[in-house]
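Along the sequence shown, the residues carry numbers beginning at 1.
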Amino acid sequence: MVDMHALARRHAAAFTGTMRPWSAEEFTTLLDSPHIHLVETPNALALTRIVAGEAELLTLATDPVHRRQGHARALLKALETHAKANGASTLFLEVSSENAPAIALYHSAGYQVTGRRPDYYTSPAGPRIDALILIKSL
């Protein structure tokens, strides 16, 4: 049984000061869908949506204390394997254009920028931030 409150706490710790973290209720709603898949380790979590041969990374969150130790890279690889095993041939994601560490991770893992969504995110300070759309063939 997945502890939704624990997921919400881990997500909040990872997104402090950047984006709004997801609540336990939001995790519950998402995971009630048969298309949503959770891949996690003790220090990181990822949610993907797999539909019609395509996977979308909804979130990837690493505990700040454990960043720069390969957890996100390992989790990304695991979710790519999981998505492929569940019929996805591509995986795409959206990331803040200001999130340089995440963008570097995705580029190093073979993701390519395919587009930009202007003013997609709202930062806690108020200004809107563009999202980059990245994709990788599995």
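Under the side-chain contact (heavy atoms from CB on, under 4.5 Å) criterion, Glu26 pairs with Arg20, Trp22, Ser23, sequence neighbours left out. Residues satisfying the salt bridge (charged side-chain N to carboxylate O under 4.0 Å, His left out) test with Asp3, not counting sequence neighbours, are none. In this structure Ser97 satisfies the side chain to side chain donor-acceptor pair (under 3.5 Å) test with no other residue, sequence neighbours excluded.
Taking every heavy atom of both residues into account, Ser96 and Ile129 meet most closely at OG-CG2, 3.3 Å. When every heavy atom of Ile50 is checked against every heavy atom of Ala55, the shortest pair comes out as CG1-CB, 4.0 Å. In plain terms, the two heavy atoms of Leu38 and Leu31 that are nearest each other are CB-CD2, 4.0 Å. The two residues Glu40 and Leu7 make their nearest non-hydrogen contact at OE1-CD2, 3.7 Å. Closest heavy-atom contact between Ala46 and Leu75: N-CD2, 3.7 Å.
Applying the ring pair (Phe, Tyr, Trp, His ring centres under 6.0 Å) definition to pairs two or more places apart or across chains, those involving residues 78-99 are His37-His82. Residue pairs satisfying the ring pair (Phe, Tyr, Trp, His ring centres under 6.0 Å) criterion with at least one member in residues 110-138, sequence neighbours excluded, are listed as follows: Tyr106-Tyr111.
A single hydrophobic cluster is seen to contain both Val39 and Leu91, as judged by linkage of ILVMFWY side chains at heavy-atom distances under 4.5 Å, directly or through other members. If you chain together hydrophobic residues whose side chains sit under 4.5 Å apart, Leu60 and Leu93 fall into the same group. In the hydrophobic cluster analysis, where Ile, Leu, Val, Met, Phe, Trp and Tyr join through side-chain heavy atoms closer than 4.5 angstrom, Leu47 is grouped together with Val2.
With hydrogens and angles ignored, the 3.5 Å screen pairs no side-chain donor or acceptor of Arg128 with any backbone N or O of Pro118.
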Please walk me through it: do Leu58 and Leu30 pass side-chain contact (heavy atoms from CB on, under 4.5 Å)? CA-CA 10 Å; Leu58 301 174; Leu30 283 165; 4.3 Å; yes
CA sep, side-chain torsions, deciding dist, call: His11, Phe27, ring-ring contact (aromatic ring centres under 6.0 Å, His included): CA-CA 10 Å; His11 198 260; Phe27 276 104; 5.5 Å; yes
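With no hydrogens or angles considered, a side-chain donor-acceptor pair links Arg73 and Ser108 at under 3.5 Å.
Rounded to the nearest 0.5 angstrom, Thr90 OG1 and Glu56 CD are separated by 10.5 Å.
For His107, the NE2 atom counts as densely surrounded, since its 6.0 Å shell holds more than 12 non-hydrogen atoms of other residues, nucleotides or ligands.
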Counting only pairs under 3.5 Å, give me each side-chain donor-acceptor contact of residues 131-138, with atom names and distances, residues two or more places apart or in other chains.
unit_1, atom_1, unit_2, atom_2, d
Lys136, NZ, Glu80, OE1, 3.1
Lys136, NZ, Glu80, OE2, 3.4
Lys136, NZ, Ala109, O, 2.7

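By the 4.0 Å N-to-carboxylate-O rule, Arg49 lies too far from Glu54 to be salt-bridged with it.
Side chains of Val95 and Leu57 form no contact here, defined as non-hydrogen atoms less than 4.5 Å apart.
Leu45 pairs in a side-chain contact (heavy atoms from CB on, under 4.5 Å) with only one of the listed residues (Thr62, Leu79, Thr59), which is Thr59.
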